[in-house]
**Q** 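Can you read through this structure? Questions will come right after.
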Protein chains: 2
Amino acid sequence: MSDQTDHSAKGWRPHGVVIGLNAVVVSVQDETPHVLVVDRSRTPTVDDADTIYGLPFGPFDPETHRTLEIGLRTWVGEQTSLDLGYVEQLYTFGDRGRDAFGASDEAHIISVGYLALTEQASKLHNPDSVWHKWYRYFPWEDWREQSPNIIAEAIQPALRQWADDAPDPGQKTQRWERACMCFGFDQGEWDAEKVLERYELLYEARLVAEFARDRNQPVTTDPPLGEAMTSDHRRILATAMGRLRSKLKYRPVVFELMPSTFTLLHLQQTVEAILGIRLHKQNFRRLVEKEGLVEGTGKISTRTGGRPAEEFRFRSEVLTERPAPGVRVRTIAR
Amino acid sequence: MSDQTDHSAKGWRPHGVVIGLNAVVVSVQDETPHVLVVDRSRTPTVDDADTIYGLPFGPFDPETHRTLEIGLRTWVGEQTSLDLGYVEQLYTFGDRGRDAFGASDEAHIISVGYLALTEQASKLHNPDSVWHKWYRYFPWEDWREQSPNIIAEAIQPALRQWADDAPDPGQKTQRWERACMCFGFDQGEWDAEKVLERYELLYEARLVAEFARDRNQPVTTDPPLGEAMTSDHRRILATAMGRLRSKLKYRPVVFELMPSTFTLLHLQQTVEAILGIRLHKQNFRRLVEKEGLVEGTGKISTRTGGRPAEEFRFRSEVLTERPAPGVRVRTIAR
DNA sequence: CACCTTTATGCTCATTATGAGTATATATAG
DNA sequence: CTATATATACTCATAATGAGCATAAAGGTG
């Protein structure tokens, strides 16, 4: 098809804007959330240190696809052979690589980010795309075992420093309060959903590699806080993580990540993997049963460990019933 | 600096896509939510029946504005002299006017919708833009007095008919269940947040004028269900209403719509206006006080009516405190 | 086999949160 | 003064939540 359609007749000059579609494709394997990434190294590298990954990314062609979401599903399907089940639009990023491009007059890119959930790790067609644990990019987000070391060892002191470096006293306080709100310092609470707020704080405090890269400056922290991604993809991933963590609680989206039958422990571990926190087992069971989210199949799972558990399935009827609930996991237990 | 982005090298051609920015600007006056609309009649009309309104809409020029949001704030400011406080991105619509334009090969428009909240009705510069009550477009969404007549009189029978018209029995059931979930028929509950679901249902059931207009067919209902808007603007407004109703409950956004001091009744009426339902007064007070959302100023309001009320102000500190709460208004009272 | 480990499941209990009122205070209109 | 509003303070029954205890049912081990 012709790609040079002339639209100038309309009066508006298209400023060479290109619509890109970004997908954050999530699956949970081995109690760990994974995200689909693509090797974006400029040259094939042997050394892993030079490898940099980004999210799958494709153009939106309005000639071919009627809607943005159809376009997304199509090219993700083509490139990875994945059949995306649940797809949700996240955010449209217009300021991508603002300074990253310097004064370049390349085509401006508006990228529409999507969150997609898929069960298990199907085999991937494209050898370029691989599953990575998402905590590789956000090591401070996993509180399942304990408060992540990187927080006490690197993040807290660095943010303390950043606050102290503020020009005036009022700003010092403000900065520190913001750090406390994000990371729960000073007996504050950890709020699992604030993934984006935390990333943006670290970015502003110049603690992530992307900041330095975007303006050609040296990185502040060594070792860097989590692995960088191309462009603003880590920010998009943060948006996706936050959205998913939040959505879990009021919509039954976990089940998009589960096989058709599962034990309650399996379900709980999936939720915990995403939220990055541990939950109280008995109360979790009480909750999902009371909400009518699952029903037993009668079959008993054959597993290792202790007493065999019953297998459950998702009661998809809840979707048509009242205000569809989610796994409203309140505060944690231990 | 080498950009990490590989897009330009990929040989993508911009397909002449134009980015439009849509703003749903909301304010609450006289216990009624209002939205800023613009007269989009093709020709100046004397007859009000021919007038059709749409949301304020402007192009995004990446040359001038660094981010989408800055672009939005700028042209809204220019056109209406309004200073938008709170601004939140809603959704990016890519399938705008799919069939509306027929097989025209006009430039494709991607529109990014924004929700903006502003206090009171400032005077508007542009005479084209006016404030309309938002229930003018969604008369079935206002349950403050009672279940809206239009539901029992027009919507329920029409949806019943639509369900019965389904080709096979399974679909009949499905359609009716969907109608019940949306509108709470058959002793289901009314969920104020499902504004978009309801609009889309009415659209699919061919009950709103936009459906007919989009495919050049006669409208099914007479009188029409609520007033139509240009393009897909009523859908964007529905998205905004749903988002605002939902956000109210977990973020203190109401205060963006309030003057600096207010009585608790005023606050409650604002919340009720947006949610379209009534709340229990004593419990509302208990809630906002317990959450620490407001603090008394000591001043007493001089008003008509009964006993004078204390004036309160928003405790903006809560924003920096723990997981910022909202007006978690649960079910209604009466 | 007795016994320990491990996970599953059932049940209790104290606290809070929520929904719905009752009761009292303090204005204004007649 | 009385009726009528609205404001504000409390009460109370129920439901939801956070934390545990207790028991069941598997496998492994000396």
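Side-chain atoms are counted along with the backbone in the values below, which use heavy atoms only and exclude waters and symmetry mates. Every value quoted in this text rests on a predicted model; they were computed, and no experiment measured them. Labels below follow one simple rule: chain letters A, B, ... track the order of the sequence lines, proteins then strands, and each chain is numbered from 1.
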**Q** Might you confirm whether atom CG of B/Asp186 has over 12 heavy atoms from other residues, nucleotides or ligands at distances under 6.0 Å?
**A** yes
**Q** Can you tell me the distance, in whole Å, between the NE2 atom of A/His280 and the C1' atom of C/dC13?
**A** 12 Å
**Q** To the nearest Å, how far apart are B/Glu311 CD and D/dA7 C1'?
**A** 13 Å
**Q** Could you state the atom-to-atom distance from CG of A/Asn283 to C1' of C/dG10 in whole Å?
**A** 13 Å
**Q** Toward the 5' end of DNA chain D, which comes first, B/Gly306 or A/Gly306, by nearest nucleotide?
**A** B/Gly306
**Q** Nearest whole angstrom, please: distance from the P of C/dA20 to the CZ of B/Phe284.
**A**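 Going from CZ in B/Phe284 over to P in C/dA20 covers 16 Å.
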**Q** With heavy atoms under 4.0 Å as the rule, sort B/Leu265 into base, sugar-phosphate or nothing.
**A**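 Counting heavy atoms under 4.0 Å across all strands, the contact made by B/Leu265 is with sugar-phosphate only.
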**Q** Could you measure the distance from the CD1 atom of A/Ile300 to the CD atom of A/Glu310? Nearest 0.5 Å is fine.
**A** 5.5 Å
**Q** Determine whether any donor atom in the side chain of B/Arg307 lies under 3.5 Å from an acceptor atom in the base of D/dA7, or the reverse, and answer yes or no.
**A** yes
**Q** Show the nearest heavy-atom pair for residues A/Tyr135 and A/Ile274, with the distance to one decimal.
**A**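 For A/Tyr135 and A/Ile274, the tightest heavy-atom pair comes out as OH-O, 3.4 Å.
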**Q** Which whole-number value in Å describes the distance from B/Leu279 CG to D/dA7 C1'?
**A**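 In whole Å, D/dA7 C1' lies 17 Å from B/Leu279 CG.
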**Q** Would you call the rings of B/Phe138 and B/Trp140 parallel, tilted or perpendicular, where under 30° means parallel and over 60° means perpendicular?
**A**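 Geometry flag for B/Trp140 against B/Phe138: perpendicular rings.
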**Q** I want to verify a distance call: between D/dA9, C/dT26, D/dA25, whose nearest atom is closest to the B/Pro308 side chain?
**A**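 Between D/dA9, C/dT26, D/dA25, the one nearest the side chain of B/Pro308 would be C/dT26.
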**Q** Which of these nucleotides, C/dT9, C/dT18, D/dA9, is closest to any side-chain atom of A/Ala309?
**A**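 Given the options C/dT9, C/dT18, D/dA9, the side chain of A/Ala309 is closest to C/dT9.
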**Q** Is any side-chain N or O of B/Gln282 under 3.5 Å from a base N or O of C/dT22, one able to act as donor and the other as acceptor?
**A**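 A donor-acceptor contact between them is present.
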**Q** How many whole angstroms separate atom CD1 of A/Ile300 from atom P of D/dA26?
**A**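 In whole Å, D/dA26 P and A/Ile300 CD1 are 8 Å from each other.
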**Q** Assign the ring pair B/Phe185 / B/Trp176 to parallel, tilted or perpendicular, where the plane angle (0 to 90°) is split at 30° and 60°.
**A**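 Rings of B/Phe185 and B/Trp176: parallel, as their planes differ by under 30°.
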**Q** Counting only side-chain heavy atoms from C-beta out, which of D/dT8, C/dA8, D/dT11 sits nearest to B/Arg286?
**A** D/dT11
**Q** Expressed as a whole number of angstroms, how long is the span from A/Glu291:CD to D/dA15:C1'?
**A** 12 Å
**Q** For A/Arg285 and C/dG10, is the shortest distance between a side-chain N/O and OP1 or OP2 below 4.0 Å?
**A** yes
**Q** Can you tell me which nucleotide in D/dT6, C/dA17, D/dG20 comes closest to the side chain of B/Lys290?
**A**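 Among the listed nucleotides, the one closest to the side chain of B/Lys290 is C/dA17.
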**Q** Between C/dA17 atom C1' and B/Glu289 atom CD, what is the distance in whole Å?
**A**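 To the nearest whole Å, that distance equals 16 Å.
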**Q** Could you please name the option among D/dA19, D/dT8, C/dT7 that lies closest to any side-chain atom of A/Lys281?
**A**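 Closest of the options to the side chain of A/Lys281: C/dT7.
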